[in-house]
Amino acid sequence: METLRMAPAPPDSDSQSIATVVQHAFEAQQAHRPTVRAQDADTRIRKIQRLHDHVWARRDEIQAAMYQDFRRPPIESAMSDVKMIGEEAQFAMKHLREWMAPKPVSTHRMLVGTKSHIEPTPKGVVCIMSPWNYPFILTLGPLISALAAGNSVILKPSEYTPHSSALMADMIEQLYDPREVTLVRGDKEAGKALLDQPFDHFFFTGSPAVGRIVMKAAAEHLSSVTLELGGKSPTVVDASADIEHAARTIIWGKFLNAGQTCIAPDYVLAERAIMPALMDAMRVALAESFGTTPSERQQSADYARIVNERHFERLSDALDEAIDTGARLEFGGTVDTREHYIEPTVLTEVPSHATLMQEEIFGPILPVQPFDHLDDAIAAINTRENPLALYHFTSDESATRRLLDHTQSGDVCVNDVIVHFMSPHLPFGGAGHSGIGASGGEYGFKEFSNQRSVMRRTGASGVMQQLYPPYGNVTKKLVDWLLPWA
């Protein structure tokens, strides 16, 4: 891949200088806020169109940046970041006037002579803090929603993907007035400086642990939040499933981006009767995807690397712990510290107390556990916090209905994984521990908007005037007549 020229570095690591940069950026956007909130649909669409066109023009640089950051296969970057940004932008531009239009509502019987509607208004100055695993779509996707809703935006991408963050900084600088959109680069000190500012809304994608910090900081400012978090997303495969399809799909979804996907299947619950067939089918799917030998898999151009040493050590330690405490290595298991490489790995018999079964894995290690009855799988899912996604492979509609009725998750896919994130018609978000709020399409637009109610009196106040003081017998009789209608 072509080497990407790095954009100028962020301010030095001195927290005071970073805090000053953040404060000045925030104050500039606050001062310019009335101008931005008054911008009409055409202006907002032009801002989104510029981003759309710029992403397309620089798609090769975008793919190169992610390859340099963690050897992300260019095809994966093209589909999950470049294409999805383009589709999100096109969907917003197509529907923005409809989203912005006032929505008339019915008139209450006591308010005869009035008309009411609801109109979305911008939240104001918002902060988007994004992660490293899909750096462009998880930064620029929410930006599209925020611009569509009429906000000013400060972006903070992850420091773990410096080439991607540098390229986005260069893009934003070329595209936007910094009083409307600006990007801050830096580590946790930059994040802390942003959380110290009284933004009107914080949009954070990342871990539940950091999500708590963001929510606590937002509470100090009475700011609203959208939290796109994670969790252990389960995959249930029952005996009625198409085993080959399930195996191929799970292998793809789990090892996409080397498992560094917040909605990747985190663990599999397979009905005991089909466990042997599922394992055989997974082994075939893995060979078809990445090669038949450990050497072929490590040399595959279609498999990413772990983003940094800290995450690599976390994953390799968890893998070692699982095997040391009784897990069975079905296939995979090779690690290479020099490359931050972990082979696509599938385990069975992982102890319930092992880290792999207690924490979100966020890497290319897949535990597969048996169950005898669907209720056992439901119980296993419900012993954990609400996951971001839930997957079910089955041909039994009643089983899916039971799973839906007795579990809670952000989203669900039946006979597929991950692809629900691609639809701008669906809200994407968690439930409880896995997130608050939603993103994508109109749902993202609403997340960055306040719903303002507007009532206009067009005629005599009628009934209401009879309820003004002084209160007498007529008022009492009117109230006695009205109360049964409450």
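Treat the numbers as computed from the prediction; the structure is a model and nothing was measured. The first residue in the sequence is number 1, and the count goes up from there. All values below were derived from every heavy atom in this structure, side-chain atoms included, with hydrogens, water molecules and symmetry-related copies excluded.
- In this structure the side chain of F199 reaches within 4.5 angstrom of the side chain of I154, judged on heavy atoms.
- Between H425 and F91, the two ring planes are perpendicular [angle over 60°; tilted spans 30° to 60°].
- Relative to the six-membered ring of F362, R314 misses at least one condition, a distance below 6.0 Å or an angle of at most 45° to the axis.
- In this structure, the side chains of P162 and D69 come closer than 4.5 Å at one or more pairs of heavy atoms.
- Side-chain contact between V268 and M282 is present, with heavy atoms from C-beta onward closer than 4.5 Å.
- The shortest side-chain heavy-atom distance between E360 and D266 falls under the 4.5 Å cut-off.
- Counting only N and O atoms by type, the side chains of Q63 and S77 include no donor and acceptor under 3.5 Å apart.
- More than 12 heavy atoms of other residues, nucleotides or ligands lie within 6.0 Å of NZ in K103, so this atom counts as buried by the packing criterion.
- In this structure, F421 and F428 have perpendicular ring planes: the angle between them is above 60°, well past the 30° mark.
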Q: Please assess H95 against E442 for the test side chain to side chain donor-acceptor pair (under 3.5 Å), listing each intermediate value before the final yes or no.
A: CA-CA 8 Å; H95 295 283; E442 186 175 8; over 6 Å; no
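- Using a 4.0 Å cut-off between charged nitrogen and carboxylate oxygen, R402 and D405 do not count as a salt-bridge pair.
- Salt bridge absent: R59 and D81 never bring a charged side-chain N and a carboxylate O closer than 4.0 Å.
- Relative ring orientation between F255 and F290 is described as perpendicular, the plane-to-plane angle rising above 60° on a 0-90° scale split at 30° and 60°.
- Between T226 and H201 the shortest side-chain heavy-atom distance falls below 4.5 Å.
- D238 and S240 form a side-chain donor-acceptor contact under 3.5 Å, judged by distance and modelled atom types alone.
- Residues P424 and E87 fail the side-chain proximity criterion, which asks for heavy atoms closer than 4.5 Å.
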